[in-house]
Every structure is written in C-alpha cells, then in structure tokens.
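Everything on this sheet refers to the single structure shown next.
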Amino acid sequence: MKIQIYGCRGSIPRPNPEMARYGGNTPCIEVVSSPPQRDYVDNGGDCGLLGHRVILDLGSGAVDLGQKVMGEMFQAKKRQQAEKEANEGRGESGRSSTTPDGEKVGESDETKKRNDAIVPQKFGGTILLTHTHWDHIQGLPFFVPLYLPQFEWTIYGPRGIAKSLQEILSGQMQHDYFPVRLDDMASNTKYQGLCEDMEKGFWLDNDNCTHCDHPTTSIRVTSKYLNHSVLTLGYKLEEFAQIPLPSTSQQLFRRKKRGVSVAYITDHEPVDHALANGGFTPRDPRKPNCTADQYHAQFFENVDVLIHDCQYLFSEYAPGSPTSKEYWGHSTVEYVVEVAFHSNVKQLLLFHHDPQRSDDEMDELLSYARELAVKLEEECGGDKEKGRLKVDAAKEGDTYELDPYVFLDENDVSVDKEDSERKLESFYDANDEVSPPRSVNTGQQCVLLGFYESASGPIRDMLESTDNSPKVEVLQSRDELLHFAEQNHPSVIVLDNRLFGCTGFEFCKVIRNEMGEWGKNVPMLVIACPGEGQRARLTAEKLNLDDFIQGPYSPSYLFTRIQVSLLRMPLRWRRAPLPENESDRLATLQSTGLLDSLPEERFDRITRLAKAMFKVPVSLVSLVDEDRQWFKSNQGLPDASETPRDYAFCSHAILTDDVMVIPDALQDERFADNPLVEGSPNIRFYAGCPIKVSSCEDGSNKMPIGTLCVIDSKPRDLSEEERRALKDFGAMIERELSNDG
C-alpha cells in the first residue's frame, strides 16, 4: 500500500512561500494498493499494472493528482501499443496489413493470440469524501480524469437526510459559481452515500489484474462518524494480500497473508472538550460501556498509520476565551497524541494544518508533539506492548509505503506471525456472506424534543425543512414525554437536563430501565445546563447516552448530532432472495434469446406508451439475469443498459404474481439505502409487472424472466385502475414473446 500526500492544509489553500515545505493545498491523499505483480517484479518482471487507487478527499491538492493520473493513463496506453507491436514483430511473417474493415491480414495465429491476451487496463478508482465542506471538495471541478469517458469512478461520502451526495456536490458547480455542471463530466461516475459502518465495511478489489496470475490485494473500507459541524465520516483502509500456493514443494520461502492499515480522521473535535488539553484514558475492557472519545479511539486501534486532524494547540483552542476555537470542529495536538498512543498506533501523521501556521511554526508544533509522545512513553514505564509512537507532520509530496506481504521460512516462523494470523482470521471473517440487515420501522422517523429551557423553533425548522423530514414532537413535562415515548417509540430523543418534573438524566434512566429492548437502544442526547461538568458527563456515560452537549452550541451543530443518531440506524437495503426455481427460470430466460439482443420497435412502442400514460420519466423492460438486470427496452435511461442484480427492484418484483408498487423507496426498508435510490436515477417510486414466459411447448409452467416497470424520482402511488393498465401493458409484452415461440 502506497500513501502519497497531495494536500494537507486546512480550511483554505495557502500558496505562501512561508508554507512551501509543508504545502498550501487543501486535503487530498492518494492510497494505492500493493501492485498485483509483486512476485513477478521480484523475479525481474514488470506487468505495468497499478493496484486499486483510492483518493481521500478532493481538496485543491486533487488538481496535481489529476495530472499524475492522466500521465499514468497515457503511459499505460503507450506500453500496451508497444507490446502489440512487439508481438507482431515476433509473428511468423513479421509483417501484417489491415483491410478497410480493420481485419489483420498476414497476422499469425500466435501473434493474434498474444494480442487478444492483452486486456485493456481499467482506469479510475474510488473516491472517499469525508464531508462536503468546500476545502474538501473544491478540487473536484478541476480533477481532469472526471471529464474523460475512459475513466470509471465511484464517489462515496456521508449520506444525509436532506439531499443526496450527488445533489450536494453539484451545488458548487451551478452556473452561478462555475461554467461546467457536474452532469457534464463524461466519466462513468457513480455516487454512493454512506453511513457509519465500523464492522463489516465494504471491499475494493484490485480489478485491474483480473487477467494476471500474480498475487492480488483487497482493501476493506470501514467508516465512523466524526464530531464536526456537518455530517463527517472518518475512514479506515485495511489491505490484505491474496497469495497463491507455491507451485513446487522445494521452495524454501513462501508468502503469507497479513494486513496493513491506515486511518484517515480529519475535521474532528473531542466530544469531551476537557480532553483537548489531555487526560484521555483508554477504555476499561471490563466495563460494558465506553465514552464517545474512547469509541473514537477504538476505531483506529492498532493501525499502522493514523492521519488525524491536529489543527490547533490547546492554547489556541482556548475554551471560554474571546478567540476560542471551541465548536469549530477540530482537534488539538494534545488530544490526538494521547489517543494515538493509547490506541497503539504505529505512526501518527499530523494533518489539516492551520492556514495561518508557517513552516517554522509547523516545525515547532511537530517537536512539541514528539515531546508529548516521549513523555507518554516514560509515564507508561517504557511498556513494550505499547511500543514507540512515531510522530510526523504531513507534507505535500511525502509518500509512505506499507507492505501487506511477509516472508515465512520453511517452518512457518515470522516475527509478526501472531499478528498475521489475527489479521488473516479477520480477512476471512469479513469475506463471509453478509447477514441480512435487521428489521427496522419503515414508517416516518420521529424525533422527540424535551425542551424546557432551550428554544425548540430553530432546530424544529431545520428538521422539518428536509425532503425526507422526520416527525418532530416538542414536549416539556416528564409525564407527557414518558407517555409519548411509550406509545410512539421515537427514533431519537433530545432533552434539556432541566425538565418540568425531573432532570433529563432521570428521564433517560426510566427509558433505559423500564421500556424494554427499544428503551435500551434508542439514541438519546442530553443538553447540559450551564456549570455542569465532569460529574454530569460521567452520569451520561453510565446511561450509555449517544451524546452529551455542553456549552453554547449552534442549531446547525445540534442538527448534525441528531442526523448522526438517525443515520446510525441499521442499513435499509435488502437483496432479493432467489426464487425456488431459479435454475429453471434462468434456463427459460436464456432460451428466449433476448439477452444482449438489439432494440426492437415492438417492445419500445409499449414502453413509450407506458411512459406517456403514467407520466413518468422512465419505463423499462428489464430482464433479470443471474447477476444483473439487463434492459431490453429502455425509455428514460439513455446511458444505462444494465445494473447489478443486487440493485434491481425488479429482482423483488419477479417474486410476486401481482404488480409490485413502491410508493416511496426512502420509506421502505428494502430499498431506502439502495444505490439507485441514493444516486442516479434517484428512484422514489417504482411499479413493476412480472413478465412470464412458458418453459414448455404446451404453454404451461410459466416462469418470470423480468418485468415491465415504470419509475419516478418523486413519491406517488397507483390507483387500482392504473395497476390494471400496467398489467395490460405487461400482457402485451408476453403476447409478443409468445408469438416468437
């Protein structure tokens, strides 16, 4: 795994000569998995492939990274062309010519075989955005590889409750601010909103080397919410090497899997502001609960490299002073060095440098951070299990390499064998089939505000202004709050610590102890009274509260904390189960000869009529294949011919004999977090009629091969008359298919 810094300055670019050594570009980091040809290179070869590219944030540093990516693409194409020319030179005749139809004349079978084996390299990768503040996305409009059709990108970022990730990113590219729109970018780019996922995460496979027999790597990405003024995610990337078995038993050494990891934590403020000046204590494993800051540190425990926001010194953070940076959403050096040390991090990179801090001042800050690390080590008595924390400050252009491979001798002995086995076990666990998400309430989410002293108007207005707004209930007295909670089981509870008839903590204790499983797990946030300090925080920890908010706060800050609690609910996206007769169904589909066939007017005519009648932007004839849905007829999605089957609403629709209608996908646990709902085409309404074809000559034993469906980006429903009409259109499709037989 190779890590390269392209931008590490916070808030705003600083092209200042006094900041040239550390750099003035805003956050952008490139992470590339280990080259798939590792063993091949060891033997003196070079297949010219890169690993999977992951880009962390698109600040102004993305401009230079984009130029590098373009250069790599041109070099790869030159290399492939040279290889083809070399193959032709090795042919029997050594020469060939080309007909007007593009056919090679005089090309030997051996040369043709070699050239056919040269698979075009894929260009692109994965972009992980921590949040959408301008300093983390301002390089996106200038990232050239997003404008070229040769590239494929998947952009991940925090999923909100008001707008999709794609809508938010398009904001800075509206015509008032920029001459090019996001939709004008020609690359094949997908957008996916993410929630916190510290356990399973998702995998980024090294798909550049599918034609190689060399070792490959996989990167697992997990995410965690950070404490910032908008929804912000931190990411952990763990790389695992996949090593083929040795071809001979005579080899004295062999490769074994191990893992390496990097955590990227930017724009995060200590949840307990008192820890900004130090005092962090690691979690006691004997206790069931942990503090929010211990939970934060647990996310990057034992990582090889931790890249963490360190914008301030405590003297600059200065709670209570006129120049205080409290609630600005950034960490202090004192806090970060402690959490990194107690989390057994191997190397800490100070990041998100203050835009006013010069190179000389950065040198002083780095020296201070290293002194803190040495002091912590001395206080722990040189505990060998902790090890020494290496502290550096990120600089533009710096690179760090982590090797996921380890040599083992013939007796399977390695200095880090125990660690290798532990990470290997984690690798296999993570590759197991993901279990179905837990069932959640599919109705409208509800936020209960117990406000006696705080003004409820601003936060209520913010919650109710979102497209998918939760129900908001504001009550003041203990009895009213308890009655509402018991009857309605709200999604999140936010309380003043002074209520009419009790304190917020007393109310939380009743919820936790007397309201069953829901009460034990419901997210609760308490707003501290002036003067309440450490004792109140300890009480909050004992009650396992999601948040304890102190001091003056803005409505936007509280709004973000509520969003985090709402979005920490279980994933709402279910893959459709396979039909019991799946093998027979697939055989019937294949027998029709429809898959990957050319468009036909007889089907397009029907989808055009359905689109017009139901007044929807999209109408499709979708065929559900083994691992995809393919569109035989497509009205409204000109750039799409298929999607993965896991994404397909139609894979659910073929399980029923009737029309399946989804009035609002965001309110349905099977589809709310589906990529086709989160991103383009932003499905909100779906209706699909199963299309059945007989698998027998006598017309019996009909199998569902796909659907006729209509789709809209706005919620709606179908009347009984409209459902019958959709069935009639489906029958017309079936009649056309029966005529083929």
Side-chain angles (χ1 to χ4, degrees), residues 129 132 153-170 182-183 188-197 202 223 231 233 434 436-445 466-470 491 563 566-577 614 616-620 622 624 628-629 631 634-637 639-656 659-688 707 709-718:
L129 301 178
T132 53
W153 301 98
T154 302
I155 301 180
Y156 294 92
R159 170 181 177 254
I161 62 174
K163 295 180 179 179
S164 70
L165 177 63
Q166 187 172 359
E167 289 172 323
I168 295 171
L169 292 177
S170 67
L182 189 70
D183 292 341
N188 181 9
T189 301
K190 300 175 183 177
Y191 300 86
Q192 178 64 49
L194 293 177
C195 296
E196 181 176 278
D197 181 1
F202 59 95
S223 55
L231 281 172
L233 286 172
V434 178
R438 290 181 292 152
S439 177
V440 298
N441 181 6
T442 62
Q444 185 183 32
Q445 291 180 309
T466 61
D467 292 338
N468 189 31
S469 61
S491 310
Q563 285 189 92
L566 288 171
L567 293 169
R568 272 181 171 148
M569 299 182 73
L571 179 70
R572 295 188 295 163
W573 172 24
R574 291 195 176 186
R575 296 162 176 81
F614 293 102
V616 293
V618 178
S619 177
L620 307 166
S622 171
V624 181
R628 61 172 177 161
Q629 67 169 343
F631 305 139
N634 180 344
Q635 306 295 327
L637 295 177
D639 298 327
S641 60
E642 62 182 51
T643 76
R645 181 170 176 172
D646 287 346
Y647 293 10
F649 284 54
C650 299
S651 62
H652 292 263
I654 62 172
L655 301 176
T656 178
V659 171
M660 185 181 86
V661 179
I662 309 297
D664 187 350
L666 285 176
Q667 299 300 327
D668 193 304
E669 69 174 25
R670 295 169 295 175
F671 305 109
D673 294 330
N674 187 301
L676 302 182
V677 177
E678 279 292 301
S680 180
N682 302 109
I683 299 174
R684 294 292 293 274
F685 161 78
Y686 169 92
T707 71
C709 63
V710 290
I711 295 169
D712 202 341
S713 58
K714 300 176 182 178
R716 56 176 292 184
D717 205 345
L718 292 185

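Remember, it's a predicted structure, so these values are computed and weren't measured experimentally. FYI, side chains are in, hydrogens and waters are out, and symmetry mates aren't considered; it's all heavy atoms of this structure.
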Suppose we screen for ring-ring contact (aromatic ring centres under 6.0 Å, His included). Which residues come up paired with Phe685, at least two apart in sequence or across chains?
none
Ser641 (side chain) donor-acceptor with Phe631 (main chain) under 3.5 angstrom
no
Are the side chain of Asn674 and the backbone N or O of Tyr647 linked by a donor-acceptor pair below 3.5 Å?
yes
Test log, rule side chain to side chain contact (heavy atoms under 4.5 Å, CB included), inputs Tyr191 and Leu129
CA-CA 11 Å; Tyr191 300 86; Leu129 301 178; over 6 Å; no
Distance-minimising heavy-atom pair for Leu620 and Gln635:
CD2-N, 4.3 Å
Give the minimum heavy-atom separation between Pro158 and Leu233, together with the two atoms involved.
CA-CD1, 3.9 Å
With Pro681 via side chain to side chain contact (heavy atoms under 4.5 Å, CB included) - residues at least two apart
Leu637, Leu676, Ile683
Would Gln629 and Ser622 count as a side chain to side chain donor-acceptor pair (under 3.5 Å) here? Give the steps.
CA-CA 6 Å; Gln629 67 169 343; Ser622 171; 2.7 Å; yes
Using the test side chain to side chain donor-acceptor pair (under 3.5 Å), find all partners of Gln192 that sit at least two apart in sequence or belong to another chain.
none
Salt bridge check, Asp668 against Arg670: does any charged N sit closer than 4.0 Å to a carboxylate O?
yes
Tell me the closest heavy-atom pair linking Leu666 and Ala672, and the distance in Å.
O-CB, 3.6 Å
Hey, does the side chain of Thr656 reach the backbone of Ala653 with a donor-acceptor pair shorter than 3.5 angstrom?
no
State, with a plain yes or no, whether a side-chain heavy atom of Leu231 is found less than 4.5 Å away from one of Glu196.
no
Going by the angle between their ring planes, with limits at 30° and 60°, are His652 and Phe671 parallel, tilted or perpendicular?
perpendicular
Side chain to side chain donor-acceptor pair (under 3.5 Å) involving Thr189 - partner list, sequence neighbours excluded
Ser187
Quick one, Ser170 and Asp183 - any side-chain contact, counting heavy atoms below 4.5 Å?
no
The criterion is side chain to side chain donor-acceptor pair (under 3.5 Å); which residues satisfy it with Glu642, sequence neighbours excluded?
Arg628
Less than 4.5 Å apart, side chain to side chain, heavy atoms only: is that true for Cys650 and Cys709?
yes
So, using side chain to side chain donor-acceptor pair (under 3.5 Å) as the criterion, who are the partners of Thr132 when residues are at least two apart?
none
